[in-house]
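I have placed the structure first, in the form of structure tokens, so that the comments after it can refer back to it.
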Amino acid sequence: MDEQALLGLNPNADADLRQRALTYFEQLKVSQDAWQVCAEALAKGVYSDDHAKFFCFQVLEHQIKFKYSELTENQQQLIRETLITWLQAQTQNTHAEKTFIRNKAAQVFALVFVTEYLTKWPKFFFDILSIVGLNPRGLDLYLRILMAVDAEVVDRDVVHTQEESRRNTLIKDTMREQCIPNLVESWYQILQTSQHTNSEVTCQCLEVIGAYVSWIDLTLIANDRFINMLLSHMSIEVLREEACDCLFEIVNKGMDPIDKTKLVESLCRVLESSGFFSIDQEEDVDFLARFSKLVNGMGQSLIISWTKLIKNGDLKSAQETLHSIESKVPLMLRLLVHEDDDISTNIIGFCYDYLQILKQLTLLSDEQKVHVEGIMLAVMKKLTFDEEYNFENEGEDEAMFVEYRKQLKLLLDRVAQVSPELLLTSVQRVFNTTVQNCQSKPFMEVEVAIRLLYMLGEALPVAHGAHFSGDIAKASALQEMMRTLVTSGVSAYQHTSVSLEFFETVVRYEKFFAVEPQHIPHVLMAFLDQRGLRHPSPKVRSRTSYLFSRFVKSLNRQMNAFIEDILNRIQDLLELSPPENGFHGLLTSDDQLFIYEAAGVLIVNSDIPGEQKWLLMRKLLNPLLEKFKIVLGKLMTEKNEERQVVLADCLNHAVGFASRTSKAFSNKQTVKHCGCSEVYLDCLQTFLPVLSCPLQKEVLRGGVRTFLHRMIICLEEEVLPFIPTASEHMLKDCEAKDLQEFIPLINQITAKFKTQVSPFLQQVFMPLLQAIFEVLLRPAEENDQSAALEKQMLRRSYFAFLQTVSGSGMSEVIANQGAENVERVLFTIIQGAVDYPDPIAQKTCFIILSKLVELWGGKDGPTGFADFIYKNIVPACFLAPLKPTFDLSDAQTVLALSECAVTIKTIHLKRGLECIQYLQQEYLPSLQVAPDIILEFCQVLQHPDVKMFKNYLKVFFQRAKT
């Protein structure tokens, strides 16, 4: 072995040595006999260095995993002997190997086991047991090997091939027949001899039993001697967590429902008599978390048994099992309400499934009603934040609590399904007593009281949020709570969580304000002052921006009286200001988008006359446009690149804000109808000069492009005079991505205005295509995946553009480009259909070809086009599907083939008998297609059913390619 290379295995070695070691490992992996050197080194204990030993096992592992079948009988025997010799040495060494070496050795043993157990080494476990005896180091390795075997053969998290799954099933069947009883006996002996002297080995053994119990005969473990031993371990501090997990696996094992009930009951009796149900006396939360998981397993197992018994019609046994479940509920409730969230989380499954049972019962007993109330009160208590929760900088602990809260919410929803009246009255009681005296209560109580009101919205669902009509008792209870919420002064409570919960709840129940509109001014003021948009916390300001927008949108009918006041109050929040000297405004640009949208909604949906709407919209957007001009001027002279980025972003935000106000318009309230066209035309005139700015082009073009998309919808034909100039600028110095994003804009204009934009399209058509061709022809690195993908996406966009033009009744735009250009375009379509293995683009190309054949393929079509059909389009319809890359099992490719069929069908439709004769007499014979198949093809083609031809064409090419 290269001793110098081995020095690089040390984690503290320098980079060169580590690289040398890595290279050496790769050499050994491909070497024919290097593994034998490693095997000898392990068998003879040549190396004392831990990393060298680990390295030897890695080489051996690679050999067994990937090259074992290439070895001779003697070489395979050598590997078996090496492992046995190494194992014997471990039982005699004074010091145990490091854990990482023992784990790697166990993996290598397990790999040999799965390869040889069924054929050459049926005594695998007996050989190992005969060596290890009761030697502690030997037992440690024996148990690690068992866990490694479990990982290879049983572990469901490991993905196996079909062949491996069949092999693993056979291994398990053979083990059950040949060695499992012996293994179980060895586990019992290990537990008995090690429980008081070697806790580590005992815990390992319990883990092994827990892993294997899922697939071995349960009676081997679920018997008096084992269960009593496990229960005795529950009283030994160092063993009880593993004992708990082992019992959990036993309880989880699938079995007859009556037997399962008996097993769980007998376990519970012993655990209760041993004092384990008295969890208040237990201080070890780690153990209680495992114990909670065990109780959860027992509860859910009993519920599965009850479900099976009900299904089987055994009502007597089902009743006994239900009684057994009910007797565990008091313990379940104590665990659910435990102050440690892990303990509580582990029992939620049992609670949820128990409520599911109660939901199925027609009538609840008094005891069951008490249980439902107990779960509900526990959930209410556990929903509460603790003092340590960091609201401004949420980390992992906070994320876990949020996740835990979601689980509690599901329990509350289930309580609502079992007893909605109970939930409503309880929430009402908690809410009223807390919120009416909120200033004297701690924040977590106030927050949870409002949260419960919020949760009722989902727990007691109604159609379209109509919580304040229909069921009078429920509607009046919710109405009373909402009235209390908005009049109690809780909106001024000085805590982030309470502020957020207040606004979330107000917006969830916005229909309350349609019933009691007198409260709208108070809530609007809360949104607009230090309680909401001007709150000290950025988190509250940000969320409130979004909620304010929703509130205004949902109540726009009730907003008329407050419009001007709101617009005046939010004016300072709408300022466009690039961050100066690290100073940021109250709201981020993303937050401002929502405020601009809300402002737009207020103006557009108001009942005021059009002229006043125009004035308000101008007042809203004019400051933005003025600031835009100033910032653009600064950008044009700015030399510092970082500052350029800041200014360009600011300009982009301005365009985005103006764009967002336009979202308020609709088919009923159009820009024209509201008299606002002039305002947005001014925006266009202000924004378009940014396209000639040579700096930060990508950001600036992107913003203007998005704005143009909006204006095409809002301004309709009024936008058209601006399109040529914008297009001219956007086609200068283009990258693939620029073009790819520009083409949808042209497509939108073409599809919307059709012949209205024909002159513009004629003018822009070839400059656009030349820009596309120039980018596509640029050389790129052979392995540059990103550039290849960009070109593929641009090619798709190009074909999508041609599809839009031909499909919008403007084929003359293509036809008028001059014979040479038309020919070039047509050949790119043929190339796209045949040469590029991109089924999405191919499909588009065939759609274009079909359309062009439909438009130009008749007797009066352009000169030479009939020739082009036979010389190029027909061959494309056959050459494309015959390509090896044309995968007929791929869904996208099948869609491309479908359009190919439509193209052939359209050619036949336009050219008639001439097409059939060409296929029969010239083209198909040139492809060496058999005469009977040619006849069959032409017959199906002449059939009027297009779907039949599509199906036939797929079969035709499948036959041709086999």
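Just so it is clear, the model here is predicted, and its values are computed rather than measured. Note that these values count all heavy atoms, side chains included, but never hydrogens, waters or copies made by symmetry. We number each residue from 1, following the sequence as shown.
- Between the side chain of N168 and the backbone N or O of I171 there is no donor-acceptor pair closer than 3.5 Å.
- Between the side chain of Y212 and the backbone N or O of L146 there is at least one donor-acceptor pair closer than 3.5 Å.
- Here the shortest heavy-atom pairing between S199 and V238 reads CB-CG2, 3.6 Å.
- Between the CD1 atom of I347 and the CG atom of D342 there is a distance of 13.5 Å, given to the nearest 0.5 Å.
- Panel note: side chain D33, backbone Q36; no donor-acceptor pair is recorded below 3.5 Å.
- The number of heavy-atom neighbours closer than 6.0 Å to NZ of K98, taken from other residues, nucleotides and ligands shown, is 12 or below.
- Looking at D217 and T219, their side chains do bring a donor and an acceptor atom within 3.5 Å of each other.
- Once rounded to the nearest 0.5 Å, the distance linking CG of L294 with CG of N346 reads 11.0 Å.
- Inspection of the K328 and S324 side chains reveals an N or O donor paired with an N or O acceptor under 3.5 Å.
- For the pairing with V184, the side-chain contact (heavy atoms from CB on, under 4.5 Å) check across I221, I209, V213 returns one residue only, I221.
- Applying the 6.0 Å contact sphere to CD of Q92 captures more than 12 heavy atoms from other residues, nucleotides or ligands.
- The two residues A41 and C56 come nearest to each other via the heavy atoms CB-SG, 4.1 Å.
- A salt bridge links R176 and D173; the closest N-O separation between the charged side-chain nitrogens and carboxylate oxygens is under 4.0 Å.
- Within the 4.5 Å cutoff, side-chain heavy atoms of Y389 are placed close to those of V402.
- Atom-to-atom distance recorded for W86:CH2 and E97:CD is 6.0 Å, nearest 0.5 angstrom.
- No donor-acceptor distance shorter than 3.5 angstrom exists from the side chain of K44 to the backbone of A39, with no hydrogens or angles considered.
- We find the CD1-CE distance between I145 and M147 to be 13.0 Å, quoted to the nearest 0.5 Å.
- With respect to E185 and R225, a salt bridge is recorded, a charged nitrogen being found less than 4.0 Å from a carboxylate O.
- A salt bridge links K406 to E403: one of the charged nitrogens lies within less than 4.0 Å of a carboxylate oxygen.
- Proximity of a side-chain donor or acceptor of N135 to a complementary backbone N or O of T91 within less than 3.5 Å is detected.
- S266 and R269 share no side-chain donor-acceptor pair at under 3.5 Å.
- Cation-pi geometry between K104 and F57 is not met: the NZ or CZ atom fails to fall both under 6.0 Å from the ring centre and inside 45° of the normal.
- Both the sub-6.0 Å distance and the 45° axial angle are not jointly satisfied by K883 relative to the ring of F886.
- In terms of modelled atom types and a separation under 3.5 Å, the side chain of N198 and the main chain of S194 share no donor-acceptor contact.
- Heavy-atom contacts from other residues, nucleotides or ligands closer than 6.0 Å to NZ of K123 number 12 or fewer.
- Heavy atoms only, all atoms of each residue included: G133 and L139 are closest at O-CD2, 3.3 Å.
- With respect to M298, the side-chain contact (heavy atoms from CB on, under 4.5 Å) criterion is satisfied by exactly one of I303, N252, V251: V251.
- Checking side-chain atoms of Q76 against main-chain N and O of E73 turns up no donor-acceptor pair under 3.5 Å.
- Salt-bridge annotation for D127 and R80: absent, with no side-chain N of the basic residue lying under 4.0 Å from a carboxylate O of the acidic one.
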Starting from the C-alpha separation in whole Å, work towards a yes-or-no answer on side-chain contact (heavy atoms from CB on, under 4.5 Å) for L263 and M255. CA-CA 10 Å; L263 173 66; M255 59 192 292; 4.0 Å; yes
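- We find that R290 and D286 are not joined by a salt bridge, their nearest charged nitrogen and carboxylate oxygen being 4.0 Å or further apart.
- For the pair R144 (side chain) and N103 (backbone), a donor-acceptor distance under 3.5 Å is absent.
- You'll find the ring centres of F125 and Y142 outside the 6.0 Å limit.
- Rounding to the nearest 0.5 Å places CZ of F350 at 10.5 Å from OG of S292.
- Atom CD of Q300 sits in a crowded spot, with more than 12 heavy atoms from other residues, nucleotides or ligands closer than 6.0 Å.
- Contact record, I216 with K253: O-NZ, 2.9 Å, taken as the closest heavy-atom pair.
- Classified by interplanar angle (parallel below 30°, tilted 30° to 60°, perpendicular above 60°), the ring pair H62/F66 is tilted.
- For K262, the NZ atom sits in a loose shell: 12 or fewer heavy atoms of surrounding residues, nucleotides or ligands are nearer than 6.0 Å.
- Between the side chains of Q407 and Y352, not a single donor N or O lies within less than 3.5 Å of an accepting N or O.
- When all heavy atoms of L60 and W35 are compared, the pair lying nearest together is CD1-O, 3.9 Å.
- Judged by distance alone, with hydrogens and angles left aside, the side-chain atoms of S344 form no donor-acceptor pair with the main-chain N or O of D341 at under 3.5 Å.
- More than 12 heavy atoms of other residues, nucleotides or ligands lie within 6.0 Å of CD in Q77, so this atom counts as buried by the packing criterion.
- Using the six-membered ring where Trp is involved, F401 and Y404 have ring planes that are tilted, between 30° and 60° apart.
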